[in-house]
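We name chains A, B, ... by the order of the sequence lines, and we start the count at 1 in each one. As a basis for the values below, the full set of heavy atoms in this structure was taken, side chains included, without hydrogen atoms, waters or symmetry mates.
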Amino acid sequence: MNQIYNAIYDIVRLIPYGRVTSYGAIAKSLGVGGGARFVGWAMNAAHGVHPAVPAHRVVNRNGMLTGKHHFPAVAPMQKLLEEEGIVVIDDKIVDFEHLFWNPLTELEL
DNA sequence: TACCTGACGGGCC
DNA sequence: GGGCCCGCCAGGT
């Protein structure tokens with residue numbers, strides 16, 4: 001596992017309860033602005049990672065749960081978000097911009 | 001070994 | 001304002 005992957009997982013784990021972020025925001029915080037897909041791919045490998053990565057808090061820039069299909073059937077992405085008080089309608093996070101957690105701002109990088 | 005796809009994003013037409 | 005194309009890295013076929 002590369003440091004980049006570890007860095008991505010670390011940031012995702014830093015996302016506060018009830019907050020969400022986007023792939024692009026994470027990528028940008030890592031300095032790989034154009035590598036948003038790379039972040040998504042890292043999530044793909046985040047299934048069996050040690051401290052468990054709350055990938056359900058990571059969505060695309062539109063706030064849509066594009067990756068919910070990749071979650072285990074036992075823990076639907078939408079259900080996990082709703083458990084945190086996040087309202088999800090039509091695979092889209094309501095008030096996404098309000099719930100958005102910007103790593104660049106919060107971490108003051 | 002080489003090409004294509006994949007949980008995205010931003011820029012250009 | 002909306003749609004299309006290109007760029008990012010890595011893994012799978």
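Atoms CZ (A:Phe96) and C1' (B:dC8) sit 12 Å apart, rounded to a whole Å. A straight line from NE2 of A:His56 to P of B:dA7 spans 19 Å, rounded to a whole angstrom. Taking atom CD1 of A:Ile4 as the reference point, atom C1' of C:dG11 lies 17 Å away to the nearest angstrom. Atom pair A:His47:NE2 and C:dG11:P shows a separation of 15 Å (rounding to whole Å applied). As a whole-Å value, the separation of A:Asn60 CG from B:dA7 P is 12 Å. For the pair A:Leu30 CG and B:dG9 P, the interatomic distance rounds to 14 Å; values are reported in whole Å. Summarising the geometry, the separation between NE2 on A:His69 and C1' on B:dG6 is reported as 13 Å, rounded to the nearest angstrom. B:dC8 atom C1' lies 13 Å from atom NE2 of A:His70, rounded to whole Å.
The two atoms that bring A:Lys68 and A:Asp91 nearest to each other are NZ-OD1, 2.9 Å, heavy atoms only. A pairwise comparison of heavy atoms in A:Phe100 and A:Ala25 identifies CZ-CB, 3.7 Å as the closest pair. The nearest pair of heavy atoms linking A:Ser29 to A:Ile11 is OG-CD1, 3.3 Å.
Using a 4.0 Å heavy-atom distance criterion, A:Asn44 is classed as a base contact. The residue A:Arg61 sits close only to the backbone: its heavy atoms come under 4.0 Å of sugar-phosphate atoms, none of a base.
Taking the P atoms as reference points, C:dC5 lies 14 Å from B:dT5, given to the whole Å. Rounded to whole Å, the separation between the P atoms of C:dC6 and B:dC4 comes to 14 Å.
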Before giving the answer on salt bridge (charged side-chain N to carboxylate O under 4.0 Å, His left out), spell out for A:Arg19 and A:Glu106 the whole-Å C-alpha distance, their side-chain angles and the decisive distance to 0.1 Å. CA-CA 12 Å; A:Arg19 288 279 193 270; A:Glu106 301 299 326; over 6 Å; no

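The A:Phe38 side chain lies nearest to C:dA10 when the options are C:dA10, B:dA7, B:dG10.
Atoms CZ and CG, from A:Phe96 and A:Asn60 in turn, are 7.0 Å apart once rounded to the nearest 0.5 Å.
Between A:Trp41 and A:Ala25, the one whose closest nucleotide on DNA chain B sits nearer the 5' end is A:Trp41.
The phosphate of B:dC8 (OP1 or OP2) has a side-chain N or O of A:Thr66 nearer than 4.0 angstrom.
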